[in-house]
Amino acid sequence: MDNIDYMKIALKEAIKSLKSDDVPVGAIIVRNNLIVAKAHNEVEKRKDPTAHAELLAIRKALKNLNQKYLLDCILYTTLEPCAMCAGALVLSRIKKVVFSTYDPKSGAGGTVMNILSNPHLNHRIEVFGGILEEESSELLKEFFKKLRLKNE
């Protein structure tokens, strides 16, 4: 499998967020070409502002692998990580982050700020963005369009 195949799985995970009116973001963690964790946003479902797909995936991967760090893992996520998720990814020492859509408002993978590969931090992560960007972007745009209509 390649980046596109893994991102398609992350996109399927993102769609699950819609059931609970959560922002459609999905994440998977891969180690040695095996998926070790899948998650999607559950902020609304859990009433927890930290229940982002990336954080939930990190927790699942650590538990499934029975490890403290994710040194040899890759995170695929449908949206550029925010500062909270980027900080957690650095602390988890994940090897690489591959994301779909750039986040011009709060992206911490290089768009607004660069936490993922900041030279001042003790761990730097390889970052690749734009994989299946159009599909992920469309999913997010449709979600926010419906949310605006609902709130009018």
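Note that the structure is a prediction, hence the values are computed from the model and not measured.
Side chain of S100 to main chain of I131: a donor-acceptor pair is present (N/O by atom type, distance under 3.5 Å, no hydrogens or angles). Under the 3.5 Å distance criterion, the side-chain polar atoms of T78 are matched with a main-chain donor or acceptor of G26. Side chain of N118 to backbone of H120: a donor-acceptor contact under 3.5 angstrom is found. No donor-acceptor pair under 3.5 Å is formed between the side chain of E54 and the backbone N or O of L89. The backbone N or O of K45 lies less than 3.5 Å from a partner atom in the side chain of D22, making a donor-acceptor pair. With hydrogens and angles ignored, the 3.5 Å screen pairs no side-chain donor or acceptor of N41 with any backbone N or O of H52. Without hydrogens or angle criteria, Y6 side chain to N33 main chain gives a donor-acceptor distance under 3.5 Å. No donor-acceptor distance shorter than 3.5 angstrom exists from the side chain of T101 to the backbone of L79, with no hydrogens or angles considered. H123 places a side-chain N or O within 3.5 Å of a backbone atom of I94 that can act as its donor or acceptor partner. In this structure a side-chain-to-backbone donor-acceptor pair under 3.5 Å is missing from N66 to K63.
Atoms CE and NZ, on M7 and K12 in that order, are 14.0 Å from each other to the nearest 0.5 Å. Rounding to the nearest 0.5 Å gives a distance of 9.0 Å between CG of L132 and CG of D5. Interatomic distance, CZ of F144 versus CG of L139, reported as 10.0 Å (0.5 Å rounding).
The two atoms that bring A57 and A37 nearest to each other are O-CB, 3.4 Å, heavy atoms only. Heavy atoms only, all atoms of each residue included: A88 and L55 are closest at CB-CD2, 3.1 Å.
Contact of the S106 side chain with the D103 side chain is registered, since non-hydrogen atoms from C-beta on lie closer than 4.5 Å. Looking at heavy atoms from C-beta onward, V127 lies out of side-chain contact with V98 at the 4.5 angstrom threshold. With a 4.5 Å cut-off on side-chain heavy atoms, L70 and S92 count as touching. Considering only heavy atoms from C-beta on, Y76 comes within 4.5 Å of V30 through its side chain. No side-chain heavy atom of V112 sits under 4.5 Å from any side-chain heavy atom of P104. Residues L56 and E42 meet the side-chain proximity criterion, which asks for heavy atoms closer than 4.5 Å. Under the 4.5 Å side-chain criterion, counting only non-hydrogen atoms from C-beta, K38 is not in contact with K60.
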Go through it in stages, so that I can follow the logic: the residues are H40 and V25, the test is side-chain contact (heavy atoms from CB on, under 4.5 Å), and I'd like the CA-CA distance, side-chain angles, deciding distance and then a yes or no. CA-CA 6 Å; H40 54 277; V25 176; over 6 Å; no
Test side-chain contact (heavy atoms from CB on, under 4.5 Å) on I74 and I28 and set out the steps. CA-CA 8 Å; I74 302 170; I28 65 168; over 6 Å; no
For C73 and L65: C-alpha separation, side-chain torsions, deciding distance, then whether side-chain contact (heavy atoms from CB on, under 4.5 Å) applies. CA-CA 11 Å; C73 295; L65 296 171; 3.9 Å; yes
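In the hydrophobic clustering of this structure, V97 groups with Y102; members are Ile, Leu, Val, Met, Phe, Trp, Tyr whose side-chain heavy atoms approach within less than 4.5 Å, directly or through other members. Side-chain heavy atoms closer than 4.5 Å link hydrophobic residues (I, L, V, M, F, W, Y) into clusters, and following such links, even through other members, never connects I4 to F99. The hydrophobic clustering, which links ILVMFWY residues whose side-chain heavy atoms are closer than 4.5 Å, places L62 and L75 together. In the hydrophobic clustering of this structure, L11 groups with M1; members are Ile, Leu, Val, Met, Phe, Trp, Tyr whose side-chain heavy atoms approach within less than 4.5 Å, directly or through other members. Under the 4.5 Å side-chain heavy-atom criterion for Ile, Leu, Val, Met, Phe, Trp and Tyr, I15 and V23 are members of the same hydrophobic cluster.
Of the N and O atoms on the side chains of Q67 and R93, not one donor lies less than 3.5 Å from an acceptor on the other residue.
Other residues, nucleotides and ligands place more than 12 heavy atoms under 6.0 Å from the CG atom of L149. The number of heavy atoms from other shown groups lying within 6.0 Å of NZ (K8) does not exceed 12.
With respect to D72 and R31, a salt bridge is recorded, a charged nitrogen being found less than 4.0 Å from a carboxylate O. At a threshold of 4.0 Å, the pair E138-K141 does not count as salt-bridged, since none of the basic side-chain nitrogens sits closer than that to a carboxylate oxygen.
Partners of F143 under the ring-ring contact (aromatic ring centres under 6.0 Å, His included) rule, at least two apart in sequence or in another chain, do not exist in this structure.
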